[in-house]
Protein chains: 2
Amino acid sequence: MTTMQDVATRAGVSAKTVSRVFNDDPHVTEDTRERVQSAMRELKYVPNMLARTFREGKSAVIGIAVPDVADPFFAAVTKGIELAAREHDMAIVVTSLGDNPSLEQSIIESTVRRQIDGLIIAPIATDQSYLSRWQDSFPIVFIDRIPTKLNADYFVEDDFGGAFEATQHLIAHGHRRIAIVGDSTDVPTTRLRLEGYRAALDDAGLENDEELIALGSRDTDAAAQVCKNLLALPDAPTAIFSSNARFSTGVFPALQALNRTDIALISFGDFPMADVLQPSVSVIDQDPRQVGRVAAERILARIAAPTKRFRRKNVIPVKLIERQSCQSVRAPSASAAMQ
Amino acid sequence: MTTMQDVATRAGVSAKTVSRVFNDDPHVTEDTRERVQSAMRELKYVPNMLARTFREGKSAVIGIAVPDVADPFFAAVTKGIELAAREHDMAIVVTSLGDNPSLEQSIIESTVRRQIDGLIIAPIATDQSYLSRWQDSFPIVFIDRIPTKLNADYFVEDDFGGAFEATQHLIAHGHRRIAIVGDSTDVPTTRLRLEGYRAALDDAGLENDEELIALGSRDTDAAAQVCKNLLALPDAPTAIFSSNARFSTGVFPALQALNRTDIALISFGDFPMADVLQPSVSVIDQDPRQVGRVAAERILARIAAPTKRFRRKNVIPVKLIERQSCQSVRAPSASAAMQ
DNA sequence: AAAATCTATGTCATCGATGACATGAGTTGC
DNA sequence: GCAACTCATGTCATCGATGACATAGATTTT
């Protein structure tokens, strides 16, 4: 590993002068500059960023913590963050939080030790108060899910609005018995989506049948099972609102396996191939890449202007993409109910 | 930011003693240890990893460079690497190389400056000789694509074998005119898959019709277009071998749009929802998570035993997952040709 | 009892780059 | 001709943690 001192010796100057050349300090003669530069080339000098950033106390790194990097939604968010970060020569350190909320804090702490300059987190636990001690060391931005027991910037999708619109859409297509499938209401996102769902039903004067509220699934397979159970009910739903994209990839195959593609389906969150499935699946689209970008830009803005005030709570609008999965009224009981 | 010195002052000892307590050095009296520990707690001391790793010259970070983090294949690879890395308390710095080969080197260099302890790369350029200068600083492992103009460890899927098997599978189902769709043959991976395809045709005594070799697409949309052109040929193919998963997500919708799901399709690389499409798509499965894990383990093994010798070239077997998309002979011309 | 050994703790230097400040040579102005 | 400046370059200290080595008591060995 070549250091500045090595280059300095080779060029017959002091390390400081090499530093000056490297940082384009104007107070260096053309002659010296050239000698240093060729020494750098000969020795293939590559700066040790660790040394520089350690001195600055910063690392030029944005930490990212999401439930799962391999999830298409978070993968796209990560991409958005990366592209924004690169424009400022910052790198990203990515961490998956997994699905065990009790590990969140320790995973985050091991990231924080690396002196990150900012943290973007989509939390899985129900208490982020442990983050407060770092709030004046570096900016923290929440995405997808709002912080709990902590005040911090966040960028979330319009969970309530999207769920409301999705449910309303199903109602407009004649459905009266609409189920909601999703994970636990411990997740604020899910809670809001449930509220949106309820509000839409209320708005239409429809009953909130608790039997149709099938939340609490832990993974895709569980969601598929829940879906099967719903359809086995005496008074089964004619439509399903899947409150997150990951579970939709479980619900859809389940419907297909039961040969019940007559059941309408709408998904909160687009997912790969949703547009070419048969029937193609209507979704509430969230534009994850954009979420990543705005979160990264907020981090960068806060780094650049630590005292400036910003809007804490940011709700990103979502968009209904209508496809086939709830286009026609396929539910006989629903049309009967309309009379 | 609390430093060891702060803790030391609070506990009335020297920084070194704090360091000893932190690193479980046995030469500390129980009394001192407790005093230091409670000082740490009171001051919420979090070690500055940057300082420690800077001193060691290492960063406890594995760099990952892939064409696109948001691609499901590479997202899964990344996850595999992350899980293996975490077991050794290492973090991952992820970078997307994009699709401009001329940027590869500079993107890698900015990652290397961070004193990474290892690099896992799925390259996009056709010359990695620039990496040679770091080969004795830290281990480098290639995945998915073999290095060009450089000797380094690699873990690739069995491109030739997988393509051979896929093509043979189509042939076994009665297809005689089989097209191959994919990106440029500049990509070694694609070249090998083309060879596997050709070998299978040769084996079966079938002609290699250059008209059916439709490589060189740059993205998903281009692949879709190529697919349309193929079907417009006077003597159109009855089956398509899509040489990568990303393009399959373009080819499938194209077939669907043309209402030509009678055309058999097999994809090199599984992709989300491939199993629930109609028809579900047969694939050559690569197990990206495992690729990530073995690559990470190699990096860790090389760090642990720098002089030990390892197998450089590693080919990971692939597995044909048979689904509906080429189950039955739907190609009339093919069955006619069999007579 | 002196010497050898061990124990708990401290002091100092170090990793690489870079700010603060110093130095010495050259230039300008009166 | 010398003060006042400018400019190129050097020296030193620093960031936080930690190895190498030192020291001062306590304990054991002979």
Side-chain angles (χ1 to χ4, degrees), chain A residues 1-37 39-40 43-61 89 109-110 112-117 134 137-138, chain B residues 1-37 39-40 43-61 89 109-110 112-117 134 137-138:
Chain A
M1 251 261 315
T2 313
T3 76
M4 272 197 170
Q5 188 53 57
D6 299 336
V7 176
T9 310
R10 170 70 148 251
V13 297
S14 77
K16 181 74 227 208
T17 300
V18 177
S19 167
R20 278 196 261 261
V21 171
F22 198 84
N23 295 291
D24 290 318
D25 186 314
H27 296 285
V28 182
T29 47
E30 204 40 50
D31 177 54
T32 313
R33 183 181 305 277
E34 268 162 31
R35 231 159 0 104
V36 170
Q37 275 167 344
M40 283 205 226
L43 299 173
K44 299 181 193 225
Y45 172 68
V46 176
N48 182 338
M49 249 221 166
L50 223 56
R52 192 203 320 238
T53 60
F54 158 61
R55 192 174 199 286
E56 315 281 329
K58 294 296 180 171
S59 53
V61 163
D89 265 311
E109 286 190 351
S110 64
V112 168
R113 288 183 193 187
R114 297 172 185 278
Q115 310 300 114
I116 51 176
D117 294 335
W134 288 299
S137 308
F138 53 84
Chain B
M1 251 263 315
T2 314
T3 75
M4 272 197 170
Q5 187 52 58
D6 299 337
V7 177
T9 312
R10 171 70 148 253
V13 296
S14 77
K16 181 74 226 201
T17 300
V18 177
S19 167
R20 280 194 260 261
V21 172
F22 198 82
N23 295 289
D24 290 320
D25 187 313
H27 295 284
V28 182
T29 48
E30 204 40 52
D31 177 53
T32 313
R33 183 182 305 279
E34 268 163 29
R35 227 151 12 94
V36 170
Q37 275 168 343
M40 286 208 255
L43 299 174
K44 299 182 197 231
Y45 172 70
V46 176
N48 182 339
M49 248 223 167
L50 221 56
R52 193 203 318 239
T53 61
F54 158 62
R55 192 172 199 289
E56 315 282 330
K58 294 296 179 170
S59 53
V61 163
D89 264 312
E109 287 191 350
S110 64
V112 167
R113 288 184 191 186
R114 296 172 187 279
Q115 311 299 112
I116 51 176
D117 294 335
W134 287 300
S137 308
F138 53 83

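Every value quoted in this text rests on a predicted model; they were computed, and no experiment measured them. Scope of the values below: all heavy atoms of this structure, side chains included, with no hydrogens, waters or symmetry mates. Residue numbers begin at 1 in each chain, while the letters A, B, ... track the order of the sequences.
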Enquirer: Please give, in whole Å, the distance from dA20(C) C1' to E56(A) CD?
Expert: 14 Å

Enquirer: Measure from CZ on F22(A) to P on dT18(C) and round the result to the nearest Å.
Expert: 8 Å

Enquirer: Considering non-hydrogen atoms only, spot the tightest contact between V7(B) and V36(B) and give its length.
Expert: CG1-O, 4.0 Å

Enquirer: Out of curiosity, D6(A) CG to Y45(A) OH, how far, rounded to the nearest 0.5 Å?
Expert: 9.5 Å

Enquirer: Whole angstroms only, please: what is the CG-P distance between L50(A) and dG16(D)?
Expert: 14 Å

Enquirer: Which heavy atom in T2(B) sits nearest to a heavy atom in K44(B), and how many Å separate them?
Expert: OG1-O, 4.3 Å

Enquirer: Can you measure Q115(A) atom CD to dG16(D) atom P for me and round it to whole angstrom units?
Expert: 9 Å

Enquirer: For R55(B) and dT14(D), what is the distance between atoms CZ and C1' respectively, to the nearest whole Å?
Expert: 15 Å

Enquirer: For dA17(C), take OP1 and OP2 only and decide whether either is under 4.0 Å from a side-chain N or O of Y45(A).
Expert: yes

Enquirer: OP1 or OP2 of dG10(C) less than 4.0 angstrom from a side-chain nitrogen or oxygen of T17(B), does that happen here?
Expert: yes

Enquirer: May I have the distance from K16(B) (atom NZ) to dC21(D) (atom P), rounded to whole angstrom?
Expert: 13 Å

Enquirer: Mind checking the CG-CD spacing from D117(B) to E56(B)? Nearest 0.5 Å is all I need.
Expert: 10.0 Å

Enquirer: Given that F54(B) and R20(B) both sit by DNA chain D, which one's nearest nucleotide is further toward the 5' end?
Expert: F54(B)

Enquirer: Determine yes or no for a side-chain-to-main-chain donor-acceptor pair under 3.5 angstrom, with R114(A) supplying the side chain and S59(A) the backbone.
Expert: no

Enquirer: Might you point out which heavy atoms bring M4(A) and A15(A) nearest each other, and give the distance in Å?
Expert: SD-O, 4.1 Å

Enquirer: Under 4.0 Å, heavy atoms only, any strand: does V13(B) hit a base, just the sugar-phosphate, or nothing?
Expert: sugar-phosphate

Enquirer: If I take atom CZ in residue R114(A) and atom P in nucleotide dA17(D), what distance separates them, rounded to the nearest angstrom?
Expert: 15 Å

Enquirer: Given dG16(D), dT11(C), dG19(C), identify the nucleotide with an atom nearest to the side chain of A51(B).
Expert: dG16(D)

Enquirer: Are any of R52(A)'s side-chain N or O atoms less than 4.0 Å away from OP1 or OP2 of dT18(C)?
Expert: yes

Enquirer: Atom pairs, N/O to N/O, protein against nucleotides 25-28 of chain C, distance under 3.5 Å?
Expert:
none

Enquirer: Using a 4.0 Å cut-off on heavy atoms, which residues in residues 23-36 of chain B reach DNA chain C? List them by number, or say none.
Expert: H27(B), V28(B), T29(B), T32(B)

Enquirer: Please round to the nearest 0.5 Å and tell me the distance separating atom CZ of R33(A) and atom OG1 of T17(A).
Expert: 11.0 Å

Enquirer: Check the distance between dG16(C)'s P and L43(A)'s CG and give it to me in whole angstrom.
Expert: 14 Å

